[in-house]
Structure formats: C-alpha cells, structure tokens
Amino acid sequence: MGLGFDHERELMSPHKEKLALFIDGANLYATAKSLGFDIDYKRLLREFQSRGDLLRAFYYTAVIEDQEFSSIRPLIDWLDYNGYTVVTKPTKEFVDQTGRRKIKGNMDIELAVDAMELAGHIDHMVLFSGDGDFRSLVEAVQRRGVRVSVVSTTSTQPPMIADELRRQADQFVDIVELQPKISRDPAARAAPRSPRAAAYAAIPAARYNPAGRRCRRRRVRGLSSEWLECRAIAIALRRVRRPRCTRTRRSRVPSRLSVARWRCLCVPKTSSVFDCVTESPNVNAR
C-alpha cells in the first residue's frame, strides 16, 4: 500500500520533508516482544533522521508512581536526554465489578492533542501503534494535508494492528522490515553491566570460582554505589592473591618439619616407621 521508504528516499525532492514520530510506548514494546527482539531507540532515531527533517520524536507512556523503583524509569531518562520528547502520565488504580484490582494508563488523548497541534508544521506523520482508536486521528490529520504512515506488524497471530487503522493510513510499514535497522544487538546485552561483573569476569576461573564459594548477601544502606563497587573488586582481587586451602583449614604443611618426618606421617602400613625415620638425621637428633 503505497511506496516503501527506500523508494521514497530515491524519489524525494531536494527539499526534505518534515517528519514527526509519535510512539505509543506500551504498544511498541508489546509488538517488539511478540516478535522476539528489542528496540534500539538510538538507531531508530538515527534511521528517521536520515529519511528527512525530523522535527519531533514523541514517546508516550504511563508510569506507576507508587513503586519505589520502576523498570521503565531508566529508559525514560535516557530518552529525555537523547533527542526524544517524553510524555508521561501517572497510572490510575481502580477495582472493577468483579472486585479485581486493575491499573489504567491510557495515553491516546495526549498523543492525539500533540498530533493535531503539530499537523500544520509537518509533511509526514509516522505513528508507531496498532491501536484502532487512532483511526479518527489519522483521518483528521490527513484532512490537513499530512501524509500518515503507521508502523506495526501483521506477522503475529492475531495481528498487532487493527484492520481499520491499516486501511485508513496512507502507508503501512511492517516493523519486521525495519528490524535490521532499529533492533538492538543481542551481544550487547550479554556484556558485563557493572565494574564488579567485569572484575569477576577477569579473574582466572582456576583460582576463583563465584559459583563454588559461599557468599553472604548483606543489604547495605547509607553507602554510595561507588564505594560498594570498589569494595567488591578489592575482595575479589584479594581472593586471587590468597586462595583458600583445598583440603581443610588446618591442613597446611608445617614449615618446621623435615621432609622425612612428613613422609613418616603418610607412610603405608606395610612399611616400617624406623626405615622412614632413619632417612633424616634431624628427626633422630630431636
């Protein structure tokens, strides 16, 4: 339905068209998860900057404010500092008729208002969502002379995009076609994420085995993360220099005993103790 992005780039006039991205965060995350890959938002932004004059890149998501730590908070902070306009809204909690606790966080109104305000300043709107509620928004933006592309997928069962939204859009782009350009490298996730993990990985496995040692986890409060990281690295390196004995705690060889006396302690029952002692005159002198 319509020309692909690559063909559009070849036929594009010297005057670059003005683009704006509108990303439904929850819908895009569910789409990428169903296809088994992660979105690299730096590559995504760079990809659409090369397609035209990118004016804005909006990212919409709801946030649970009651939680002490939210898994989406690091992503929101990164997007805020790296070229995205992040729009958030606190979620609302309610109890339905069956008595079940549910959380509601719909960002459709915020996305629609921003799209209508920006419609007079752009030539091309790219919507990352498959929600059928945006069909009326797409129709209203098209009446203002703006071309609308919708990015979602039909490769899942059921498809992540509503049929009425796909019909209304000027162009539908399956995110599978963009996956090589906007997906995150799986090898980047396997790399160590902290200096402590890097220090443990650099320690020889023959001398230090994290899986075999006994570790007591302590919850430390009031100390900075830098201090904890340095402390963990110091402990790891100290264990490399002074490995524990492989037998028992008191099984080290006494330094004052002679070799002959040590052999007497380990002599077989068939041998004579006298034969062993006479090998060293130091033992007889004592």
Side-chain angles (χ1 to χ4, degrees), residues 1-2 5 18-35 37 39 41 44-45 48 54-65 70 72 75-76 79 84-98 100-179 182:
M1 183 178 182
F5 272 124
K18 298 178 181 180
L19 295 171
L21 307 183
F22 295 85
I23 302 174
D24 184 355
N27 193 281
L28 179 60
Y29 173 78
T31 302
K33 186 177 180 181
S34 63
L35 294 174
F37 72 95
I39 300 292
Y41 289 96
L44 188 149
L45 190 67
F48 283 92
L54 184 61
L55 297 183
R56 290 287 186 275
F58 292 95
Y59 185 91
Y60 300 87
T61 185
V63 180
I64 302 177
E65 293 186 343
S70 177
I72 199 174
L75 174 62
I76 293 175
L79 294 175
Y84 287 85
T85 302
V86 180
V87 182
T88 61
K89 183 175 68 174
T91 58
K92 294 182 179 180
E93 182 179 348
F94 67 96
V95 180
D96 61 1
Q97 298 178 352
T98 61
R100 296 180 179 179
R101 174 176 170 268
K102 291 188 176 182
I103 297 177
K104 180 181 180 182
N106 198 333
M107 301 294 297
D108 294 356
I109 299 299
E110 288 77 9
L111 193 153
V113 170
D114 291 339
M116 293 301 297
E117 289 181 349
L118 205 62
H121 306 280
I122 59 176
D123 304 319
H124 188 185
M125 170 184 172
V126 182
L127 175 63
F128 284 82
S129 181
D131 193 347
D133 295 339
F134 289 122
R135 191 205 65 82
S136 299
L137 170 65
V138 172
E139 183 181 4
V141 173
Q142 287 172 337
R143 287 199 297 264
R144 295 198 173 193
V146 179
R147 190 160 51 91
V148 181
S149 297
V150 176
V151 181
S152 187
T153 185
T154 58
S155 302
T156 58
Q157 293 296 332
M160 296 296 294
I161 184 171
D163 185 65
E164 58 271 19
L165 179 63
R166 184 181 178 184
R167 290 173 180 270
Q168 185 65 46
D170 294 307
Q171 177 185 356
F172 167 71
V173 180
D174 199 318
I175 199 171
V176 176
E177 302 174 4
L178 296 175
Q179 180 176 349
I182 66 173

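Residue numbers run from 1 in the order of the sequence given.
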Which heavy atom in [X] sits nearest to a heavy atom in [Y], and how many Å separate them?
X      : Y      : answer
Leu137 : Ala115 : CD1-CB, 4.0 Å
Arg147 : Asp170 : CA-OD2, 3.4 Å
Leu45  : Leu54  : CD1-CD2, 3.5 Å

Run the side chain to side chain contact (heavy atoms under 4.5 Å, CB included) test against [X] and tell me which residues pass, sequence neighbours left out.
X      : result
Ser34  : Thr156, Met160
Glu110 : Tyr60, Val87, Lys89, Met107
Gln97  : none
Thr85  : Arg56, Phe58

Please tabulate, for the side chains in residues 24-32, all donor-acceptor contacts under 3.5 angstrom to protein atoms that are two or more places apart in sequence or on a different chain.
from  : atom 1 : to     : atom 2 : distance (Å)
Asp24 : OD2    : Ser129 : OG     : 3.4
Asn27 : OD1    : Gly130 : N      : 3.2
Thr31 : OG1    : Asn27  : O      : 2.8

Side chains of [X] and [Y] in contact at under 4.5 Å (non-hydrogen atoms):
X      : Y      : answer
Arg167 : Arg135 : no
Leu178 : Leu44  : no
Thr61  : Leu79  : no

Rounded distance (nearest 0.5 Å) linking atom NE2 of His121 with atom CG of Leu55: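 The CG atom of Leu55 is 9.5 Å from NE2 of His121, to the nearest 0.5 Å.
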Any pair counted as ring pair (Phe, Tyr, Trp, His ring centres under 6.0 Å), so long as it reaches residues 126-170, sequence neighbours left out: Phe48-Phe128
